[in-house]
2 protein chains.
Amino acid sequence: MGQDMYVNMDEFLPLRDVVFKTLRQAILKGELKPGERLMEIHLANKLGVSRTPIREAIRMLELEGLVIMIPRRGAEVAQITEKNMKDVLEVRKSLDALSVQLACERITEEEKVALKAAKEAFEKATETKDVTVIAAADVKFHDIIIEAAGNAKLTQMINNLAEQMYRYRFEYLKDVSGHERIIKEHQEIYDSIMNADVEGALAASGKHIDNQETSIIRQLKLDIVR
Amino acid sequence: MGQDMYVNMDEFLPLRDVVFKTLRQAILKGELKPGERLMEIHLANKLGVSRTPIREAIRMLELEGLVIMIPRRGAEVAQITEKNMKDVLEVRKSLDALSVQLACERITEEEKVALKAAKEAFEKATETKDVTVIAAADVKFHDIIIEAAGNAKLTQMINNLAEQMYRYRFEYLKDVSGHERIIKEHQEIYDSIMNADVEGALAASGKHIDNQETSIIRQLKLDIVR
DNA sequence: AATGTGCAATTTGAATACAAAATGAGTACA
DNA sequence: TGTACTCATTTTGTATTCAAATTGCACATT
């Protein structure tokens, strides 16, 4: 009775959610390229399911903006244009600003401890030179700040935006020469939040995004030429 | 040849989109109440379609956060809590600020003309005492500003947020005594944008949302008690 | 050679069919 | 009287079937 009655529900996800995650990953990692058609029967065979969960997953991807629908022709992977990415970054910057501002006001003592740990973990991670590890540590640092902002809607929206930059952010973190600067920026953001210095936090966070923007746009241009 | 070759495509929307819009409207207008179950066969019969488009529409509503899924039990209309709405308004305020700021920098001459017309149309609309007309005029005014910001992602996100406040905003505009203040606030926003006065525009827009927030939260509380 | 036409193949859109799980009413039994 | 259990009903999850539209190609026509 007092026992844990919940099993890990993640293992019993409906097929549509499995398909959704699979396709999203494929798009974000670039395995499915912009413009590529997503044909239902083809995908169904490939993933070993019927068309129904494929269709439902496509509806979700459509609403996230990762695929576009052409009537009577089906779905294809959305094109990522420079304008498109600039728009995303512009909004992202604004929401990140809100996020650090709210974090300054609302962060708890536990979160402060966690943020310090995450900051230090990121510094350690850069020493590994393993991009996957570094990226995960970076995500963790920012996740704590977003959580500290205490706004579920904001969390959801930032995560959605982050998703659209996923592939390029990866490239950004690959560049070892940039790590030192990122560490310094994290330190500035961290210090500002700890001192509830809203102005400082906004400045530091803005600079942080601007640097990413430069890198992402450069990557994107390379990608388009390719 | 020189003729208009496009037919009104809206009339040939896939059923899933028709169902999606129908259900969304029903939820936002309060016809489908929070907690109410959305049973597929029932909805299918009611709308005269099969389960397939119903399911696809539910997937979209789920991603918009208007319904929540309970495994093996189906969808139900999401609860609107005060915290939830405050979160939405907090983000909305931030994005509106970005929107007026960008509009100050990017608005074209044509858009300036349109904005003036929309401002005056709203003033005229308040005289009709017809809430539908007033709401439409208000939307038009704000739409022009958002368009002038020239950021498609921002447009999409603000529209999504606006949707979640739909029902309460309607109540806000019903209150005739508030019209004069709204007109004054529109005038301030308009003037600031015309003079590319970013500071002024931010202040005016912030005040505008704050007033709405007060009204919406009050409405929401009444709604919950009901 | 260029353009138009018709037909077959492919693919989406929608409906229906089938399988599995959850719910709830009714009944047996302590 | 109350509790547990069975079984029919309901509902979701998934697969399959059917209809309609689009596309591309072959062929005819100018």
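Residue numbers begin at 1 in each chain, while the letters A, B, ... track the order of the sequences.
- Whole-Å rounding puts the A:Leu15 CG to D:dG13 P distance at 11 Å.
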Using a cutoff of under 3.5 Å, can you pull out all pairs of nitrogen or oxygen atoms linking the protein to nucleotides 22-24 of chain C, with atom names and distances?
none

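- Rounded to an integer number of Å, the gap from CD1 of B:Ile70 to C1' of D:dT10 is 16 Å.
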Under 3.5 Å, which N/O atoms of the protein pair with N/O atoms of nucleotides 5-8 of chain C?
none

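- By the side-chain hydrogen bond (donor to acceptor under 3.5 Å, both in side chains) test, B:Asp210 is found to be paired with B:Lys93, residues two or more places apart in sequence or in another chain being considered.
- Residues meeting the salt bridge (Lys or Arg N to Asp or Glu O under 4.0 Å) test with A:Arg51, sequence neighbours left out: A:Glu40.
- Every side-chain hydrogen bond (donor to acceptor under 3.5 Å, both in side chains) that B:Arg106 has, sequence neighbours left out, goes to A:Glu90.
- Whole-Å rounding puts the B:Asp17 CG to C:dG13 P distance at 9 Å.
- Of all heavy-atom pairs between B:Ser94 and A:Leu95, the closest is OG-CD2, 4.4 Å.
- The side-chain hydrogen bond (donor to acceptor under 3.5 Å, both in side chains) search around A:Gln25 returns none, not counting sequence neighbours.
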Enumerate donor-acceptor pairs with a distance under 3.5 Å from any side-chain N or O in residues 111-120 of chain A to protein atoms, sequence neighbours excluded.
unit_1: A:Glu111; atom_1: OE1; unit_2: A:Thr108; atom_2: N; d: 3.0
unit_1: A:Glu111; atom_1: OE1; unit_2: A:Thr108; atom_2: OG1; d: 3.3
unit_1: A:Lys116; atom_1: NZ; unit_2: A:Glu120; atom_2: OE2; d: 3.1
unit_1: A:Lys119; atom_1: NZ; unit_2: A:Gln187; atom_2: OE1; d: 3.0

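- Distance CD (A:Glu40) to P (D:dT22): 16 Å, rounded to an integer number of Å.
- With sequence neighbours left out, the salt bridge (Lys or Arg N to Asp or Glu O under 4.0 Å) criterion links A:Arg59 to A:Glu62, B:Glu56.
- A heavy atom lying under 4.0 Å from DNA chain C marks the following residues of residues 41-60 of chain B, by number: B:Val49, B:Ser50, B:Arg51, B:Thr52, B:Pro53.
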Without placing hydrogens or testing angles, list every side-chain donor-acceptor pair under 3.5 Å for residues 27-36 of chain B, not counting sequence neighbours.
unit_1: B:Lys33; atom_1: NZ; unit_2: B:Gly30; atom_2: O; d: 3.0
unit_1: B:Glu36; atom_1: OE1; unit_2: B:Lys33; atom_2: N; d: 2.9

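- Counting only distance, with no hydrogens or angles, the side chain of A:Arg92 and the backbone of A:Asp87 share no donor-acceptor pair below 3.5 Å.
- B:Asp17 is linked by a side-chain hydrogen bond (donor to acceptor under 3.5 Å, both in side chains) to nothing, counting only residues two or more places apart in sequence or in another chain.
- One atom, CG of B:Leu38, and another, P of D:dT12, lie 9 Å apart when rounded to the nearest Å.
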Identify all side-chain donor-acceptor contacts of residues 130-141 of chain A below 3.5 Å with residues at least two apart in sequence or on another chain.
unit_1: A:Asp130; atom_1: OD1; unit_2: A:Thr132; atom_2: N; d: 3.0
unit_1: A:Asp138; atom_1: OD1; unit_2: A:His142; atom_2: NE2; d: 3.4
unit_1: A:Asp138; atom_1: OD1; unit_2: A:His186; atom_2: NE2; d: 3.1
unit_1: A:Asp138; atom_1: OD2; unit_2: A:Arg169; atom_2: NH1; d: 2.7

